[in-house]
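Here the structure is laid out as C-alpha cells; the discussion comes afterwards.
Every number for a ligand or one of its atoms is a count from 1 in the order of the listing.
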Amino acid sequence: MSSNLSLKKLILDLERLESEAAKQIAEANDADSVEKLRVSFLGKKGSLSNLLGGMGKLPSEERPVIGQRANVLKAELQKLLSERQCFLKEQALAETLSKESIDVTTPPIGTSLGHRHPLIATTEEIVDLFCGLGYQVAEGPEVENENYNFTALNIPKEHPARDMQDTFYLGGDLLLRTHTSPVQIRHLEQNPPPVRIVAPGRVYRRDAVDSTHSPVFHQVEVLAIDEGLNFSHLRGTVLAFLKAFFGDLPVRFRASYFPFTEPSVEVDVEWRGRWLEVMGCGMVDPAVLEGLGLDPERWSGFAAGLGVERFCMVRHGVDDIRRLYTSDLRFLEQF
Ligand code: DAH
C-alpha cells in the first residue's frame with residue numbers, strides 16, 4: 001500500500017513537472033532562456049534527476065514503470081526545447097529581415113573613375129600633334145637663371161623686353177622661368193641640329209589674378225632648326241597644327257616683336273566673332289644661333305610658344321581661367 005502511494009506520487013510529480021516545463025518553455029523568449037530551462041529541467045542536477053532520485057524507495061518491479069515514464073517525459077521535453085529554439089531563431093530572422101529592408105531604387109555608392117584634368121589633356125593633345133609631325137618632347141627646369149630665361153634669348157640686361165614678362169626673382173641670378181623658351185637654348189646646347197622639339201611646362205609671372213591671368217600657367221614651346229628652313233615652313237606647320245586642334249577656324253598672322261625671333265608674328269584665330277591671339281612665333285634670330293656657336297648662314301629655323309590655358313578655354317568654351325585651378329568637381333566632371 002505504501003509503495004503504491006509513492007508510485008502514484010512520483011507519477012503525479014512527473015506529470016506536474018511536464019506541464020510546468022511545457023508552460024515555461026512556451027514562455028521563454030530567447031535562446032539563452034531556453035538553454036537555462038534545459039539545464040534546470042534535464043541537467044544532471046535538474047528537476048528530473050531530483051525526482052528520479054526518489055525512485056530508490058520503490059520496489060524493484062515498480063522502478064521500470066517510472067523509468068519508462070521518465071524517458072518519455074525526457075524525450076518530450078527535449079522536443080519542446082528544440083522546437084522553441086527553432087521558433088525563436090526564425091522569429092529573430094524574420095524580424096531582422098523586416099527591419100533591414102533593401103531599397104533597390106537607391107543609387108549605387110560606387111567610386112567614380114577619375115580622369116585627366118582638362119589642362120593636362122589639352123597639353124597632351126598639343127604635344128601629340130607635334131609628335132605626329134616628327135617632333136620630340138624636351139623639358140627644362142622651372143627654376144631658371146637669367147642667362148637661359150633672358151640673355152641667351154637675345155634679351156640682355158636693361159633691355160626693355162625684360163619688362164614684357166614681370167618676373168619672380170629668387171635671389172642671385174635665379175628666377176622662376178617666365179616662359180618655356182629657355183628650353184630652346186638648353187636643348188641646342190646639348191643637341192646639335194637638326195632638331196625638332198616640343199617642350200611643355202609650367203611658367204610663372206607676377207600677374208594679378210583675374211579671369212584671363214594667373215601667376216602660374218602652362219606653355220608649350222616648339223623649335224625646329226635645320227638647313228634651309230624658312231618662313232613657309234613655319235607658316236605651314238602652324239596652320240597644320242591649328243587646323244588639327246581647332247578645326248577650320250579662320251587664322252590670321254600679325255606682325256609682332258619678340259627678341260629671340262626675326263621676323264616675329266602673333267597668330268590669331270577667329271572665335272566668337274573676334275580675333276583671339278593664340279600663339280607667338282617667328283624665325284629664330286641669328287643672334288640666338290650665334291650665341292650657341294651655330295653658323296646662321298648654315299642653320300635656320302623657327303620657334304613658337306603658346307599658352308595651354310587659352311587653348312583649353314577656347315576648346316571647351318571656358319570663360320574664366322580660375323575654373324582651371326580651383327578643382328571644383330562640379331566643373332571638372334564635365335570633361
Ligand atoms: N616666349 C614667348 C612668351 O612667353 C612666346 C614665344 C613667342 C615663344 C615667339 C617663341 C616664339 O618660341 O618664337 O611670350
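- Summary of contacts: the protein heavy atom closest to atom 5 (C) of ligand 1 is G305 CA, 4.1 Å.
- Under 4.0 angstrom from ligand 1, the non-hydrogen atoms of F260 all belong to its side chain.
- R252 and E270 are not joined by a salt bridge, as no carboxylate oxygen comes within less than 4.0 angstrom of a charged side-chain nitrogen.
- At a heavy-atom cutoff of 4.0 Å, ligand 1 is contacted by the backbone of A304 but not by its side chain.
- Taking the six-membered ring where the residue is Trp, the centroids of F241 and F311 are separated by under 6.0 Å.
- The closest side-chain donor-acceptor pair between Q91 and E95, if any, does not fall under 3.5 angstrom.
- Every atom of ligand 1 with a heavy atom of G282 under 4.0 Å away is listed here by number and element: 13 (O).
- Residue C281 approaches ligand 1 through these ligand atoms, each under 4.0 Å from one of its heavy atoms: 9 (C), 11 (C), 13 (O).
- Using a 4.0 Å heavy-atom cutoff, Q184 is listed among the residues neighbouring ligand 1.
- Close approach to T261 involves these atoms of ligand 1, each under 4.0 Å from a residue heavy atom: 13 (O).
- Taken to the nearest 0.5 Å, the CD atom of E35 stands 8.0 Å off from the CG atom of D32.
- Salt bridge E189/R186: absent, no basic N to carboxylate O contact under 4.0 Å.
- Remark: R322 does not engage D210 in a salt bridge, criterion side-chain N to carboxylate O under 4.0 Å.
- Looking at ligand 1, you'll find an N or O of S181 within less than 3.5 Å of one of its N or O atoms.
- By the 4.0 Å N-to-carboxylate-O rule, D166 lies too far from R205 to be salt-bridged with it.
- Ion pairing between a basic and an acidic side chain is recognised when a charged N comes within 4.0 Å of a carboxylate O; D248 and K243 show such pairing.
- Considering R205, M283, R177, E266 only, the shortest heavy-atom separation from atom 3 (C) of ligand 1 involves R205.
- Between atom 12 (O) of ligand 1 and the options H179, Q219, E221, the minimum heavy-atom separation is to E221.
- For the pair F258 and ligand 1, the shortest N or O to N or O distance does not fall below 3.5 Å.
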